[in-house]
Amino acid sequence: MVARRPGSDLPEPVKTITAGRSDQGRSKGDPMVRATSRTTFRARGVLLAAAASVWLAGCATVEPGGPGPGGIPAGKAAQDELLKSAEHRLVVDCLDSRGLTLTARPRAPDEDRVLQAALFGAGPRELSVTLATGATVTANDDGCLATARHQLYGDQRRWFRAQVTVDNLRAEAQARMSADPAHRAALARWTRCASPPGSRPRSDRPDPAVAARCARETGLEEVRARLEAAELVTVRTLRRDELTTYRQLRDRALRRAVELSATTHPKKGSTHS
C-alpha cells in the first residue's frame with residue numbers, strides 16, 4: 001500500500017507494508033509533529049524478505065480461553081498477536097494454494113516477482129482512501145494479503161477504509177492544529193530560538209538538544225500538547241462512523257481468529273477451504 005502526495009506517482013520512503021499510521025516525516029516547520037502523509041506502505045522488492053521474516057518468526061499462536069468473551073484475549077497486545085497469527089495462517093494457506101511458499105531465503109528476481117504479485121496483488125490498485133491530510137493510500141485487493149484480511153474482517157474494502165482512517169486520526173489532528181494561531185505563534189518563537197540570526201544550523205534540522213530546549217522555553221511543547229488533545233477529540237467525533245466500523249470489523253476478526261486457532265492447520269498440499 002503506497003501513500004502518495006497529490007499529483008505524484010513517486011512512492012515515499014518505506015515504513016511498513018500495512019496500511020496505517022506513520023511515524024516518518026514531519027509536518028511543515030513543527031519539529032515535534034510527525035506527518036503521516038509522507039509515508040509509504042509498500043515497497044515490494046525491498047520489503048518481501050522482511051515480510052517473510054516477520055510472518056515466519058513473529059506469529060506465535062495465542063491460545064483461546066482468555067478472559068475475553070468467546071475465548072478472545074482481554075488485552076490489546078494479546079488481541080493484536082491473535083490477529084497477526086490468524087492473518088499469517090491465512091496468507092500461508094493462500095500462497096500454498098498457488099503452489100508458493102513464504103520463506104526468508106534469497107530468491108531469484110523472477111521468483112521475487114511471482115511471490116510479490118501473489119502476496120500483494122498485481123495490476124491497478126482497486127482500493128483507495130484520500131485522507132483529510134491530503135495523502136492518498138492505495139492497495140490491491142487481489143493478493144493473498146488482501147484475501148486473508150477479507151476472510152478475517154469480512155469486507156476488505158470497508159476494513160481498508162476504516163483502518164487507514166483510524167490509524168491516521170492523530171495526523172489529521174496535527175494538521176488541524178498547525179492552522180491554529182496559538183500554534184503558529186509558538187512555532188515562530190521556536191524558529192527564532194532554534195535558529196538565531198547569524199547561526200548556521202537550519203531551523204528544520206537544529207541540534208536535538210537545542211530543539212528540545214527551545215520547545216520548552218517558547219511554550220511550543222505545551223501548546224502542542226494542549227491543542228493536539230483538543231483536536232483529537234474533534235477528529236474522533238468527525239470520524240465516528242469510521243471508528244464504529246473499525247470496532248465492528250475488528251471484533252468480527254477476533255472471533256474468526258479464535259475459531260482458526262481452535263482448528264488444526266491442514267498439512268501443506270491438502271485442500272484448503
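Note that the coordinates shown come from a computational prediction; the quantities given were computed from them, not determined experimentally.
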Please walk me through it: do L243 and L169 pass side chain to side chain contact (heavy atoms under 4.5 Å, CB included)?
CA-CA 10 Å; L243 280 163; L169 292 178; 4.0 Å; yes
Could you go through the side chain to side chain contact (heavy atoms under 4.5 Å, CB included) check for L90 and R149 one step at a time?
CA-CA 8 Å; L90 292 171; R149 289 175 179 172; over 6 Å; no
Begin with the C-alpha distance, continue with both residues' side-chain angles, and end with the deciding distance and a verdict on side chain to side chain contact (heavy atoms under 4.5 Å, CB included) for L131 and E172.
CA-CA 8 Å; L131 300 166; E172 184 176 352; over 6 Å; no
Does the pair T165 and Y246 meet the rule for a side chain to side chain contact (heavy atoms under 4.5 Å, CB included), with working shown?
CA-CA 9 Å; T165 301; Y246 179 90; over 6 Å; no
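Under the 4.5 Å side-chain heavy-atom criterion for grouping Ile, Leu, Val, Met, Phe, Trp and Tyr, V166 is connected to L249 within one hydrophobic cluster.
At a threshold of 4.0 Å, the pair K76-D80 counts as salt-bridged, since one of the basic side-chain nitrogens sits closer than that to a carboxylate oxygen. For R189 and E217, the salt-bridge test fails: no basic side-chain N is under 4.0 Å from an acidic carboxylate O. Classification of E259 and R256 as a salt-bridged pair holds, one side-chain N sitting under 4.0 Å from a carboxylate O.
Between atom CG of residue L227 and atom CZ of residue R176 there is a gap of 11.5 Å, rounded to the nearest 0.5 Å. Within the model, atoms OG1 of T218 and CZ of R192 stand 9.0 Å from one another, a figure rounded to the nearest 0.5 Å. Between the CG atom in L127 and the CG atom in D141 there is a gap of 5.0 Å [rounded to 0.5 Å]. Here the straight-line distance linking atom CG of N168 with atom CD of Q163 works out to 9.5 Å at 0.5 Å rounding. Distance check: L119 CG to T147 OG1 gives 10.0 Å after rounding to the nearest 0.5 Å. We find the OH-CD distance between Y153 and E87 to be 6.5 Å, quoted to the nearest 0.5 Å.
Between Q79 and I72, the closest heavy-atom pair is NE2-CG2, 3.9 Å. Across R226 and A182, no two heavy atoms sit closer than the pair NH2-CB, 4.5 Å. In plain terms, the two heavy atoms of A132 and R239 that are nearest each other are CB-NH2, 3.7 Å. Contact detail for A162 and T245: the closest heavy-atom pair is CB-CG2, 4.0 Å. Contact detail for R224 and Q174: the closest heavy-atom pair is NH2-NE2, 3.6 Å. Residues L82 and A257 come closest through the heavy atom pair CG-CB, 3.6 Å.
Counting heavy atoms from C-beta outward, E126 and Q156 have side chains that stay 4.5 Å or more apart. By the 4.5 Å heavy-atom criterion applied to side chains, R240 and T237 are counted as neighbours. Looking only at side-chain heavy atoms (C-beta outward), C144 and R98 come within less than 4.5 Å of each other. The closest side-chain heavy-atom distance from R105 to E111 is below 4.5 Å. Looking at heavy atoms from C-beta onward, V235 lies out of side-chain contact with R170 at the 4.5 angstrom threshold. Side-chain contact between R250 and L83 is present, with at least one heavy-atom pair separated by less than 4.5 Å.
Residues T136 and T130 bring a donor and an acceptor atom of their side chains to less than 3.5 Å of each other. Side chain to side chain, T263 and R89 meet the donor-acceptor criterion of an N or O pair below 3.5 Å.
In this structure, the side chain of W159 does not engage the main chain of G154 through any donor-acceptor pair within 3.5 Å.
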